[in-house]
Amino acid sequence: MNYIATINIPKFQEDLITWFEREQRTLPWRENQDPYRVWVSEIMLQQTKVDTVIPYFQNFMKHFPTLEALANADEQEVLKAWEGLGYYSRARNLQSAVKEVVAHYDANVPDVPKELDRLKGVGPYTKGAILSIAFDQPEPAIDGNVMRVLSRILRIEEDIAKAKTRKTFETVVRELISHENPSAFNQGMMELGALICTPKSPSCLLCPIQGHCRAYHDGVEQTLPIKTKKTKKSSHTYFALVMEDDAGNFILEQRPEQGLLAQLWQFPMVDTKQVDPSHLSLFVEEKYQVQIKSIENLNPVKHIFSHLTWFLDVKHIHIEGKINLTERIRQLSKVEISKFPLPVSHQNIYKQL
DNA sequence: AATTCGGGGTG
DNA sequence: CACCCAGAATT
């Protein structure tokens, strides 16, 4: 299907780019074209709003101003800078890929697709964003914004939840993209999706490319894009154990290397299905080899992830005795805990102390 | 092709 | 409550 047959491409490019140059937001990663800064910003912006990313980006650049600084940093330090941003594998993959660039590309971010492809955490979107924004190459960068905007402009009624559909958009962008200013073209598409062509009630009357928009012409902009996938959610209930000794130290454990919240630290959690609540004391004394002096309830914590919900029944347990410490189980003071990366749910427990 | 990865904002 | 966000890795 030839979606772009009726598009006046030069006029479309000019209208979009002129609008972008005039209306773009002032953002820290737009200060220059430093490929490292573009790269970091694109990783942070994955599934994450601009307003959320700004302070994280500023802080990250302060701590890790160069590829070398990030490559040489301690992983826990990197995770601490990522704390609260979510999708923590982004941080670990980014550091891994940066090490790769320092070691094998003499600390120069690759400017060819096949080399970018091999870097951990760099997928089709991020590759295109780096190539177009940092290196001025006319490569597509297809994200959720671009699919929404172009599904409307071209009235593309394919299901954007299907992986294959991204290729449709790559194909049309290769035909539409400005070769004179691919960076402004790609960023303009995304900026338009963020500011004008929003998911609900798009501001078509303010849109710089309204005259090119088939969905607006046909009055169907509200029905696009088409997206079928539904979310199925589960929930889990845990005891969260705030175990404090007489000296005011708390037991923290590190989560596994893989999976949800990998490598972050937390107050020990026990699945409520694994233990009879009336025998919690015995269970804890046995598992952690401690003597329990008292138990009080703290405020329960409910935490909603995108695909599941945690209910944390928080127990403040005063203990005495020698705890069995390992690399992944430590006894820490309140001040020391603040240096460790914690999930937001456990930050909420920490705040109660 | 479907699932797993966070967290916050919006209506 | 459901949906969305400058998506990628894993299964």
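Throughout, protein chains are lettered first and strands after them, A, B, ... in sequence-line order, and every chain is numbered starting at 1.
Nucleic acid contact class of A:S306 (heavy atoms, under 4.0 Å, all strands): base. Within 4.0 Å (heavy atoms only), A:G259 reaches sugar-phosphate atoms of the nucleic acid but no base atom. A:W310 comes within contact range of no nucleotide atom at all, as no heavy-atom separation falls under 4.0 Å. Across all strands, A:R255 comes closer than 4.0 Å to no nucleic acid atom at all (heavy-atom distances). Residue A:K200 is classed as having no contact, given no heavy-atom separation below 4.0 Å to the nucleic acid. Counting any heavy atom pair closer than 4.0 Å across all strands shown, A:R30 reaches a base atom. A:K229 comes within 4.0 angstrom of a nucleotide base, judged by non-hydrogen atoms across all strands.
Annotation: of the two residues near DNA chain C, A:P124 and A:K227, the 5′-most nearest-nucleotide partner is A:K227. Position along DNA chain B of the nearest nucleotide to A:F305 versus A:K162 favours A:K162 as the more 5'-ward residue.
Protein atom CE of A:M189 is 14 Å distant from nucleotide atom P of C:dC5, rounded to whole Å. Atom C1' of nucleotide C:dC5 and atom CG of A:L27 are separated by 15 Å, given to the nearest angstrom. For A:K127 and C:dA8, the NZ to C1' distance is 12 Å, given to the nearest whole Å. The CD1 atom of A:I304 sits 17 Å away from the C1' atom of C:dC5 (whole-angstrom rounding). Protein atom NZ of A:K167 is 13 Å distant from nucleotide atom C1' of B:dA1, rounded to whole Å. Atom pair A:K120:NZ and C:dA9:C1' shows a separation of 11 Å (rounding to whole Å applied). Across the protein-nucleic acid pair, A:M190 atom CE and C:dG7 atom C1' stand 12 Å apart, rounded to whole Å. As a whole-Å value, the separation of A:Q258 CD from C:dA9 C1' is 10 Å.
Summarising the local packing, NZ of A:K233 is surrounded by more than 12 heavy atoms from other residues, nucleotides or ligands at distances under 6.0 Å. Residue A:E31 places its CD atom among more than 12 non-hydrogen atoms of other residues, nucleotides or ligands, all under 6.0 Å distant. Counting heavy-atom neighbours within 6.0 Å of A:E296 CD, excluding the residue itself, gives a total above 12.
Spacing between B:dG11 and C:dA6 at atom P, rounded to whole Å, works out to 15 Å. Using P as the reference atom, B:dT3 and C:dC3 are 15 Å apart when rounded to the nearest Å.
Residues A:Q33 and A:D136 have side chains that bring a donor and an acceptor to within less than 3.5 angstrom of each other.
Contacts of residues 33-58 of chain A with DNA chain B (heavy atom under 4.0 Å): A:Q47, A:T48.
The shortest distance between the side-chain N/O atoms of A:Y87 and the OP1/OP2 oxygens of C:dC5 is not below 4.0 Å. For A:R148 and C:dC5, the shortest distance from a side-chain N or O to OP1 or OP2 is below 4.0 Å. Dashed line: the shortest gap from a side-chain N or O of A:H307 to OP1 or OP2 of B:dT3 is not under 4.0 Å.
Distance from the side chain of A:P343 is smallest to B:dG7 among B:dG7, C:dA9, C:dA6. Nearest nucleotide to the A:L260 side chain, out of C:dA6, C:dC4, B:dC5: B:dC5. Checking C:dC4, C:dA6, C:dG7 against every side-chain atom of A:P199, the shortest atom distance belongs to C:dC4. Side-chain proximity of A:D143 to C:dA8, B:dG7, C:dA6: nearest is C:dA6. Listed nucleotides B:dG8, C:dA6, B:dC5 differ in distance to A:V344; the shortest reach to its side chain belongs to B:dG8.
The residues A:E336 and A:R330 are annotated as not salt-bridged, no charged nitrogen and carboxylate oxygen being separated by less than 4.0 angstrom. In summary, A:E83 and A:K80 engage in a salt bridge, as defined by a charged side-chain N under 4.0 Å from a carboxylate O.
Taking the six-membered ring where the residue is Trp, A:Y238 and A:H236 present tilted rings, their angle falling between 30° and 60°.
Of the options A:F60, A:Y56, A:F64, a ring pair (Phe, Tyr, Trp, His ring centres under 6.0 Å) to A:W82 is made by A:F60 and by none of the others. No option in A:H346, A:E253, A:Q76 other than A:Q76 meets the side chain to side chain donor-acceptor pair (under 3.5 Å) test with A:W265.
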